[in-house]
Amino acid sequence: MNLLDLNLIELENLLKENGFEKFRAKQIWDLIFKQGDWELKSQNNLPEKLINFIKEKTHIFPVKIKTEQKSKDGTIKWLVEVEGKKNVEMVYIPEERRNTLCISSQVGCTLNCKFCHTGTEIWKKNLSPAEIIGQVLLAKKQIGDFIKNSKTLTNIVFMGMGEPLLNYENVRKSCEILVDKNALDFSWKKITISTSGIVPNIIKMADEVKTSLAISFHAPNDELRTEIMPINKKYPIEMLLNACKNYIEKTKQMVTLEYVMLDGVNDSAEHAHELAQLTKRYKTKINLIPFNPWPGCEYKRTPMKKIKEFADIIENNNIGISIRKNRGNDILAACGQLQAAFQNGTVK
Ligand code: SF4
């Protein structure tokens, strides 16, 4: 059993069932989440019997760093080993007003979005809550948050490898622990779950979690979206946007449509007008993403001038729009690239 898979009540119950006082659970969480001491090296206040129980019957930390790449702009990308000797990626992006960690939810993915490198990797497993929370703890340790007793890491986005809403229960539970005041005390709105549009789970999310929501949108009509993202056949645009509307109404959280700019594919002025007409009815914001090409990929990046023209059309329709800054250009920044390079031996 991994203790990081348990919320506080479950941990209290586990301790009680094994003859320990409930309040010990908070002491254990304090060591793990406030001090970053998941090996319980400084467990002065815990009885020896409890330490032995934890060491013999449970384990705590399931992820470790395999390799690290640092960009000149401060972006850090890690390849992280999870249980079963599988690897996922996480990226730390420091900015002026926030510092974001992009984490993974699955090893590989089943959805085959054509622009995505991870989509070329066979799905191997869903990450457990412990493996998801473990990524955040590890990143906080790497950037010195525990030593400095600081909260340098301000935002978390589920935009790494995998489709979070196809690992719904584990993602939901990890968010519940991340926002717990006794754990890492993140606010719901500083966590963003990004999905390709798994509609039934967006509807479920509206009742069960209150994170910000991002949709991998990428096309203004069903024909093009299905071509780029086959999942659109199952959950077409109208159905998806209605689920977003429901999410905004219920949670009062922001929904952002992510739109990766693919040269000559989805980036014409007509596409911009179509996107504006489509999204006018919904209170969503659009985030344009300059594409990060990867070896063997069929798409190219839209030139920045054209991205700005596209943005102007959307803005003239009074729709909130931003252009994502390209970060980590000098490292293997596109999702799935570092893992691929590690596998083929280009990176050690
Ligand atoms: S974009 Fe997300 S859902 Fe689509 S293949 Fe990549 S990881 Fe999977």
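Start at 1 and go down the list; that is how both ligands and their atoms are numbered. Quantities reported herein were computed from a predicted structural model and do not represent experimental measurements.
- Taking the side chain as every heavy atom from C-beta outward, Phe158 and Ser174 approach each other to under 4.5 Å.
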Return all side-chain donor-acceptor pairs below 3.5 angstrom for residues 49-57, not counting sequence neighbours, or 'none' if the list is empty.
residue, atom, partner, partner atom, Å
Asn52, ND2, Glu48, O, 3.4

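- Residue-level proximity to ligand 1 for Cys109 is carried by the side chain, the only part with a heavy atom below 4.0 angstrom.
- Comparing Gly162, Pro230, Gly197 by heavy-atom distance to atom 2 (Fe) of ligand 1, the nearest is Gly162.
- Residue contact check: Gly119 has heavy atoms under 4.0 Å from atoms 5 (S) of ligand 1.
- A side-chain hydrogen bond (donor to acceptor under 3.5 Å, both in side chains) check over residues 90-103, counting only residues at least two apart or in different chains, returns the pairs Glu95-Arg98.
- A side-chain donor-acceptor contact under 3.5 Å links Asn126 and Gln106.
- Looking at Ser105, Cys113, Cys116, Gly108 and measuring to atom 4 (Fe) of ligand 1, the nearest heavy atom belongs to Cys113.
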